[in-house]
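What follows is a single structure, written as structure tokens, with notes after it.
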Protein chains: 2
Amino acid sequence: MTVDERRAWEIVLAHIEDDLLGGRLKPGDRLPGERALATELGVGRSSVREAIRVLEVLGLVRTNVGSGPTAGAIIVALPGGGMSALMRLQVAAQGFPVADIVKTRLVLETAVAAELADAVLSAALLHPDRRDPDLGRCAQLLDAMDAPGLSEDEFLTLDAAFHLSLAEACGNQVVIATMAGLRSAIEGYVRAGVERLASWPDTSARLRAEHRGILAAIEAADPTGAHDLVHAHISGYYAETRLTPASR
Amino acid sequence: MTVDERRAWEIVLAHIEDDLLGGRLKPGDRLPGERALATELGVGRSSVREAIRVLEVLGLVRTNVGSGPTAGAIIVALPGGGMSALMRLQVAAQGFPVADIVKTRLVLETAVAAELADAVLSAALLHPDRRDPDLGRCAQLLDAMDAPGLSEDEFLTLDAAFHLSLAEACGNQVVIATMAGLRSAIEGYVRAGVERLASWPDTSARLRAEHRGILAAIEAADPTGAHDLVHAHISGYYAETRLTPASR
DNA sequence: GGGCGTGCTGTGGTCTGACCACACAGCTTA
DNA sequence: TAAGCTGTGTGGTCAGACCACAGCACGCCC
């Protein structure tokens, strides 16, 4: 008869985590209803709701109203949203300096590019006839960025998608989610930085050329080249928008 | 008079985020009371509580009951806890494969080690007399790991602290929080992996020697050496505990 | 017999009110 | 002066009520 000193919603959270670890809950499964969970765990429904709200923000469940098989809280395990919310709010609360966000992005994305080039190299040895399939989407995005009359907002959206597509081609879920979070955390700063550019057409053209260069280095199975090009691309852009000096 | 289609707790969350971005809330500040926030935003107190719960899990606020200056929800912006919860739950829900966690850790920690070595190099040029202060804690932890009679659990705790201290010496808040999250996400797997080791004393001795080597390379201002040693250390350990093959 | 509409039912979303434990602050009292 | 007490505001929790919504089964109508 020990007293459970945890708060009620922590009990609910721990119970659900335990079910996940024990395999009693898998992606695609539905959580018990809020009322059922409340009575089962001996807590109030509001406490259950607080726990589910946390899971929802962290990207673990998706809630739907109504009835039928799609209703209720469903395990989805999509880390992107949670990582974005976490990093965005931490930047807002000054827990994450913008400069650190940029540096981390630099580390991760250079590693991603180098690993992609390595993968191309390995694939070429095993299947000399086949072209890497995952890089197709990256190329498509670059083509889309060449469309004339693109607004700055549209360009930046495609730019973000391209960088994310590199991580996706790499296939590492953690890196994908982290990159998405890092990007969304500094989204506002990036868009504000465009205003300070001397010439948007010039910068846009340079960015597109650098993107092509990065993709070319990857497809040429040149890890160090891809690494260095990404490094120059990212640090150069942030230097140009004067993001880092005024950051924090 | 457009209808706000967001859910009530999202309104609260957005309002607080806006206050953070607008500088009306800073670390150390107290949030308005739950009841005040509810009436101010025109929502129920339970919705306010759901939003604050999210902020608490993400590591943005700390709540205290009672009265006085320490009571209420206080902005703290400590990202470690939130990142750990996010990654731990994503691993539990199979959104993050363990192998991807390990790979990400490999990328980040090798970069951290290389950057630290670089920093030592720069510092030596500027202040040839002064030894790097932030590496002192790393060395202390290594000394603690040499203590005889250390249990496996204690050793692993010190091991985790050492690796985290490297990130802390680097000073990048994002990397620190991410590394802490990655570690906690696979904490259970690491402890389980120890059971499968052929000989704990042998492994422990090897790990300690590798730690010394890493720190020595950093203090010798050898970026590539530190990078490679960290790479071998981490990938070697996970290979030995057979963590990666059975993962996911 | 087949198609369609309608109510039933269960879901999450929200609000209200109430009570509790807690911690500080100021007052009262010895 | 010092110890104790009470008031007040805080988050923590619960219970109950109502709403909008979506599916489903029943029954009606053609």
Side-chain angles (χ1 to χ4, degrees), chain A residues 1-16 19 25 28-76 78 81 85, chain B residues 1-16 19 25 28-76 78 81 85:
Chain A
M1 290 298 294
T2 62
V3 198
D4 199 335
E5 297 180 8
R6 289 178 303 178
R7 287 177 284 183
W9 64 271
E10 291 181 294
I11 297 176
V12 180
L13 209 53
H15 182 263
I16 295 176
D19 277 355
L25 282 178
D29 286 356
R30 289 180 45 191
L31 258 62
E34 297 178 353
R35 295 164 178 84
L37 215 44
T39 59
E40 179 190 345
L41 298 179
V43 299
R45 192 187 158 204
S46 48
S47 300
V48 172
R49 296 198 96 256
E50 290 181 17
I52 293 183
R53 192 66 55 233
V54 168
L55 293 177
E56 183 177 348
V57 171
L58 292 185
L60 264 90
V61 305
R62 183 173 45 87
T63 60
N64 299 92
V65 295
S67 86
T70 71
I74 302 181
I75 312 274
V76 292
L78 298 174
Chain B
M1 292 301 294
T2 62
V3 206
D4 199 334
E5 296 180 6
R6 290 178 301 178
R7 287 177 284 182
W9 63 272
E10 290 180 295
I11 297 176
V12 181
L13 209 53
H15 181 263
I16 295 176
D19 277 355
L25 282 177
D29 287 353
R30 288 180 48 192
L31 257 63
E34 298 178 352
R35 295 165 177 85
L37 215 45
T39 58
E40 179 189 345
L41 298 180
V43 300
R45 192 183 159 208
S46 47
S47 300
V48 173
R49 287 184 58 67
E50 289 182 18
I52 293 184
R53 193 65 56 236
V54 168
L55 293 176
E56 183 177 347
V57 171
L58 292 185
L60 264 91
V61 305
R62 183 173 46 87
T63 60
N64 299 93
V65 294
S67 87
T70 70
I74 301 181
I75 313 273
V76 291
L78 298 173

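Lettering follows sequence order; numbering is per chain, from 1.
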So, for [X] and [Y], which heavy atoms are closest and what is the spacing to 0.1 Å?
| X | Y | result |
| --- | --- | --- |
| A/Ile74 | A/Pro69 | CD1-O, 4.1 Å |
| A/Trp9 | A/Ala51 | O-CB, 3.6 Å |
| B/Ile52 | B/Ala73 | CG2-CB, 4.5 Å |

For B/Leu78, enumerate each residue passing the side-chain contact (heavy atoms from CB on, under 4.5 Å) test, keeping only those at least two apart in sequence or located in another chain.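 Listed in chain order: B/Val76.
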Which residues satisfy the side-chain contact (heavy atoms from CB on, under 4.5 Å) test with B/Ala71, sequence neighbours excluded?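 With neighbours one apart ignored, the set is empty.
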Can you list everything that forms a side chain to side chain donor-acceptor pair (under 3.5 Å) with [X]? Sequence neighbours excluded, please.
| X | answer |
| --- | --- |
| A/Arg7 | B/Glu56, B/Thr63 |
| A/Arg62 | A/Asn64 |
| A/Glu34 | A/Arg45, A/Arg49 |

Answer yes or no: is there a side-chain heavy-atom contact under 4.5 Å between B/Leu60 and B/Ile75?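 B/Leu60 vs B/Ile75: side chains apart.
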Is there a side-chain contact between A/Leu58 and B/Val54, using heavy atoms and a 4.5 Å cut-off?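 Side chain of A/Leu58 against side chain of B/Val54, heavy atoms only: no contact under 4.5 Å found.
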Just the endpoints, please: which first and last nucleotides of DNA chain C, 5' to 3', lie under 4.0 Å from a heavy atom of chain B?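 Contacts span C/dG13 to C/dC24, reading 5' to 3'.
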Summary of protein contacts for nucleotides 20-27 of chain D, nucleotide by nucleotide, where a base hit scores B, a sugar-phosphate-only hit scores S (4.0 Å, heavy atoms): -BBB----
At under 4.0 Å between heavy atoms, what does B/Ala71 touch on the DNA or RNA strands: base, sugar-phosphate, or nothing?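 No contact.
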Roughly how far, to the nearest 0.5 Å, is the CG atom of A/Leu41 from the CD1 atom of A/Ile16?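 A/Ile16 CD1 to A/Leu41 CG: 8.0 Å, rounded to 0.5 Å.
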Spatial distance of atom CZ (B/Arg35) from atom CG (B/Leu37) [nearest 0.5 Å]: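 One gets 12.0 Å once the value is rounded to the nearest 0.5 Å.
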Taking only Watson-Crick and G-U wobble pairs with both distances under 3.5 Å, what dot-bracket line describes DNA chain C, where [ ] shows pairs that cross earlier ones and | shows pairs with another strand? ||||||||||||||||||||||||||||||
Given atom CG of A/Leu13 and atom P of D/dG12, what is their separation to the nearest angstrom?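 Result: 15 Å.
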With a 4.0 Å heavy-atom cut-off, tell me which residues in residues 28-35 of chain B come close to DNA chain D, sorted by residue number.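 DNA chain D contact set from residues 28-35 of chain B: B/Gly33, B/Glu34, B/Arg35.
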Any residue in residues 43-54 of chain A with a heavy atom nearer than 4.0 angstrom to DNA chain D? Just list them by number, or reply none.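 Contacting residues: A/Val43, A/Gly44, A/Arg45, A/Ser46, A/Ser47.
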